[in-house]
Amino acid sequence: MLEMEAFRKLQPERKNDADSSQEQIELNSSVEMHSPSPVCHIQPRKLRFASPQINEEPQKRSSPVQTRSSAIAAVSPPYRKVRALRLFDTPATPKTILQKSRNHLSAAVAADVARKSEIEERPRSLPLHSRVLDNFQQTANVNPFTPDSFLARNKKRCRTQFGRDNLSNQSLTIFLNTEAENIEGGEEDGNVEVLQAPKRLALQDTNISRYQKEFLEISLIGIGEFGLVYQCLNRLDGCIYAIKKSIKPVAGSFFEKRALNEVWAHAVLGKHDNVVRYYSAWAEDNHMLIQNEYCNGGSLQSLIQKRFLVESELKILLLHVAEGLRYIHSNDLVHMDLKSGNIFLTKMPSLHKSSSTPLTKEYYEDGMDGIYEELSNTECITTYKIGDLGHVTSVKEPHVEEGDCRYLPFEILQEDFSNLFKADIFSLGMTLFEAAGGGPLPKNGPEWQNLRNGEVPNISTLSPEFNELIKLMTHPDPEKRPSSTSIFNHPILSSLESKTKSQLNQELTIEKRKNEILLRKLREAKKLLKQYEQNGANQTPPASLEQRCLRSYSRKKRTPCISSKFAQKTHTMHQF
Ligand SMILES: Nc1ncnc2c1ncn2[C@@H]1O[C@H](COP(=O)(O)OP(=O)(O)OP(=O)(O)O)[C@@H](O)[C@H]1O
Ligand SMILES: [Mg+2]
């Protein structure tokens with residue numbers, strides 16, 4: 001209740017702090033833009049700001065002997081974002097990462113930055129190319145989510161220094177090993193201070209102007225708590241991308257860490273079919289920009305706002321997201337903000353049109369209507385992708401920045417981070433429940449508690465097995481929840497799991513191509529037959545061809561809608 005009280009108190013404070021223009025867009029929610037008439041779906045969610053008094057509050061932890069259900073009942077509402085602010089003096093004047101890292105910048109840089117920050121409150125762009133900073137040019141971040149970075153696990157943040165032209169994996173590994181050894185040695189000597197790990201490269205030092213030069217902005221497609229997302233065309237490669245631009249300048253603010261975290265996570269995880277693909281990231285005018293794959297189907301959240309998913313669709317959603325999670329978890333990372341607003345859809349036409357002559361009306365009139373229709377129909381294959389990796393953290397060194405409380409399990413709000421994989425499973429269970437029509441999900445109160453007490457209501461449109469699986473995924477005991485791998489192998493997905501999605505896609509494509517080839521052959525054969533008919537009875541067609549064509553023709557006549565059954569259709573074609 002204290003937290004709720006704090007939350008209420010904070011609302012006006014937050015409004016006062018924000019300038020009026022940014023107030024319009026700085027929604028505590030994810031919003032998707034729909035063209036041509038943009039509609040904003042606002043979802044009140046995360047608490048991001050807190051007063052100093054709250055930070056001073058002693059942290060409330062449940063007694064270890066307290067039962068889970070009574071513990072759940074004791075906490076309401078579940079807003080815990082205040083924890084994040086313990087790092088800072090006040091929300092308005094955070095001890096910035098930039099300030100903290102000054103010791104590690106060269107004297108020239110430090111002096112420069114200090115002078116500039118005195119002059120102006122808001123950090124200014126310092127283009128990379130306009131600065132002559134030898135030390136700076138030899139620095140680079142080491143992504144903390146890569147396996148290499150674990151070699152230097154003692155380090156909280158890394159900024160490495162190595163030869164300009166030796167930026168290979170090998171040199172990086174050597175560097176990290178040396179660094180780790182140095183740190184160990186330093187600890188033995190009791191001289192940890194001297195050997196303290198360097199801080200990361202600040203965004204302010206990497207500002208570069210790319211957005212206008214490289215991209216053509218098409219439209220604003222979404223507004224989140226952290227960023228504005230634009231659909232952009234790359235001027236050079238001609239492809240569409242989603243570019244997420246932080247709403248505020250992040251350099252030197254609390255959000256700098258969040259922004260870099262998202263980039264680091266994307267760079268490590270953006271190579272799976274069920275995770276939004278990452279292309280590049282840069283700092284511009286102290287804003288963070290992330291160039292990602294554009295998902296043309298929008299978010300699951302926007303789909304749910306139009307209609308709920310039926311069980312067959314939910315199975316695909318479950319399969320895809322479980323696969324994405326399996327991949328994330330296999331890297332010892334966790335998402336921590338899985339929800340319908342952070343799952344995106346891509347829709348690809350299932351028909352891979354060949355370069356051959358397209359089927360024409362003639363074949364439609366020739367009784368090929370079913371096949372014509374089927375081949376002309378560009379049905380879409382939906383792929384669900386996990387996006388918004390801003391909360392990703394490593395299970396080995398968790399820095400948990402809690403996501404949306406509507407999807408979070410109780411143990412996370414209790415700061416029990418012992419089984420973070422299962423926290424993602426809980427969030428996925430809640431997402432399925434919401435997508436099936438169980439929403440809108442509560443943010444607090446008895447309903448919120450019931451959902452975390454194992455009392456997830458049955459959804460009448462779902463099979464008992466699917467309802468059971470949702471219950472298992474949202475079980476109050478994290479140990480009882482299935483892992484991403486066991487969900488993937490669950491009997492409910494057995495019909496889908498026997499072949500992977502890409503295998504099925506490939507098979508479908510091959511079959512359709514075969515079909516097109518056979519249709520072309522049929523067309524050619526019919527042409528020949530017509531020619532023979534026109535040339536008169538004196539010209540006898542070769543016996544084999546005549547036989548083949550007639551057989552096919554008669555079969556086609558008997559089954560004018562042969563396309564309705566794919567097997568029947570291919571059987572017919574194979575008569576050739
Ligand atoms: N790759 C993408 N393709 C298409 N649309 C996207 C993409 N990324 C984001 N969007 C749109 O932008 C919205 C906000 O994106 P995102 O969730 O990444 O921002 P955020 O600021 O991190 O949000 P949050 O409020 O969840 O922290 C999404 O809900 C979605 O509508
Ligand atoms: Mg989001």
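Ligands are counted one by one from 1 in listed order, and the atoms in each one are counted from 1 as well.
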K.L.:
Counting heavy atoms only, which part of D404 comes closer than 4.0 Å to ligand 1: side chain, backbone, both or neither?
P.N.:
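The answer is neither; D404 stays 4.0 Å or more away.
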K.L.:
Nearest 0.5 Å, please: how far is CG in D404 from NZ in K339?
P.N.:
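Answer rounded to 0.5 Å: 4.0 Å.
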K.L.:
Which label fits Y327 and H272: parallel for a plane angle under 30°, tilted from 30 to 60°, or perpendicular past 60°?
P.N.:
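Y327 vs H272 ring planes: parallel.
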K.L.:
Where does the angle between the aromatic ring planes of W282 and F215 fall among parallel (under 30°), tilted (30 to 60°) and perpendicular (over 60°)?
P.N.:
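Answer is parallel, since the angle falls under 30°.
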K.L.:
Answer side chain, backbone, both or neither: which part of K245 comes under 4.0 Å from ligand 1, heavy atoms only.
P.N.:
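None of K245 does.
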K.L.:
Any N/O of N342 closer than 3.5 Å to an N/O of ligand 1?
P.N.:
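Yes - when backbone and side-chain N and O of N342 are compared with those of ligand 1, one distance drops under 3.5 Å.
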K.L.:
Backbone N or O of H287 within a donor-acceptor pair of the D285 side chain at under 3.5 Å?
P.N.:
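Checked: no pair found.
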K.L.:
At under 4.0 Å between heavy atoms, which part of E262 makes contact with ligand 1: side chain, backbone, both or neither?
P.N.:
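The answer is neither; E262 stays 4.0 Å or more away.
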K.L.:
Of L469, T474, I459, L317, which is the lone residue that meets side-chain contact (heavy atoms from CB on, under 4.5 Å) with L432?
P.N.:
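For L432, the side-chain contact (heavy atoms from CB on, under 4.5 Å) test succeeds with only one of L469, T474, I459, L317, which is L317.
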K.L.:
Is it true that H391 lies under 4.0 Å from ligand 1, counting heavy atoms only?
P.N.:
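So H391 does not count as touching ligand 1.
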K.L.:
Can you list the ligand 1 atoms lying under 4.0 Å from a non-hydrogen atom of G227?
P.N.:
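Listed by number with element: 21 (O).
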K.L.:
Any idea which atoms of ligand 1 are less than 4.0 Å away from a heavy-atom of A242?
P.N.:
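Every atom of ligand 1 under 4.0 Å from some heavy atom of A242: 1 (N), 2 (C), 3 (N).
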K.L.:
Taking N or O atoms only and a 3.5 Å limit, does C295 qualify as a polar contact for ligand 1?
P.N.:
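Yes, since at least one N or O of C295 sits under 3.5 Å from an N or O of ligand 1.
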K.L.:
Given V276, V229, L345, which has its nearest heavy atom closest to atom 7 (C) of ligand 1?
P.N.:
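Closest candidate by heavy-atom distance is V229.
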K.L.:
Just jot down the ligand 1 atoms closer than 4.0 angstrom to any heavy atom of K339, in number order.
P.N.:
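Answer, ordered by atom number: 26 (O).
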K.L.:
Can you say whether the rings of H266 and Y278 are parallel (under 30°), tilted (30 to 60°) or perpendicular (over 60°)?
P.N.:
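Correct class here is parallel.
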K.L.:
Going through the checks in order, is the salt bridge (charged side-chain N to carboxylate O under 4.0 Å, His left out) test met by R258 and D388?
P.N.:
CA-CA 11 Å; R258 201 263 190 209; D388 193 354; 3.5 Å; yes
K.L.:
Of all the atoms in ligand 1, which lie at a distance below 4.0 Å from a heavy atom belonging to G341?
P.N.:
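Per the distance check, 29 (O).
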K.L.:
In the structure I gave you, are the side-chain heavy atoms of L462 and I470 within less than 4.5 Å of one another anywhere?
P.N.:
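Yes; the side chains approach each other to less than 4.5 Å.
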K.L.:
So does N342 have any N/O/S atom less than 2.8 Å away from the Mg ion (ligand 2)?
P.N.:
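Within the cut-off used here (under 2.8 Å), N342 does place an N, O or S atom near the Mg ion (ligand 2).
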K.L.:
Should we count CD of E217 as having more than 12 external heavy atoms under 6.0 Å?
P.N.:
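Counting other residues, nucleotides and ligands, CD of E217 exceeds 12 neighbours.
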K.L.:
Side chain to side chain contact (heavy atoms under 4.5 Å, CB included), that's the test. Do K315 and E311 meet it? Break it down for me.
P.N.:
CA-CA 6 Å; K315 282 182 184 175; E311 187 162 326; 3.7 Å; yes
K.L.:
Can you find an N/O atom of K244 closer than 3.5 Å to an N/O atom of ligand 1?
P.N.:
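So ligand 1 has an N or O lying under 3.5 Å from an N or O of K244.
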K.L.:
For I221, take its heavy atoms, then give the atoms of ligand 1 lying under 4.0 Å from any of them.
P.N.:
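Atoms satisfying the 4.0 Å criterion: 4 (C), 5 (N), 31 (O).
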K.L.:
Restricting to N, O or S atoms of D388, which is nearest to the Mg ion (ligand 2)?
P.N.:
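Minimum-distance N/O/S atom of D388 relative to the Mg ion (ligand 2) is OD2.
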K.L.:
Considering only heavy atoms, which of F226, Y278, F344 lies nearest to atom 30 (C) of ligand 1?
P.N.:
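The option holding the nearest heavy atom is F344.
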K.L.:
Do the side chain of R452 and the main chain of L408 share a donor and acceptor less than 3.5 angstrom apart?
P.N.:
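Yes; judged by distance alone, with no hydrogens or angles, the pair exists.
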K.L.:
State whether the shortest distance between N or O atoms of E293 and N or O atoms of ligand 1 falls below 3.5 angstrom.
P.N.:
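N/O-N/O distance under 3.5 Å: yes.
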K.L.:
Would E225 count as being in polar contact with ligand 1, using the rule that some N or O on each side must be under 3.5 angstrom apart?
P.N.:
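Yes, since at least one N or O of E225 sits under 3.5 Å from an N or O of ligand 1.
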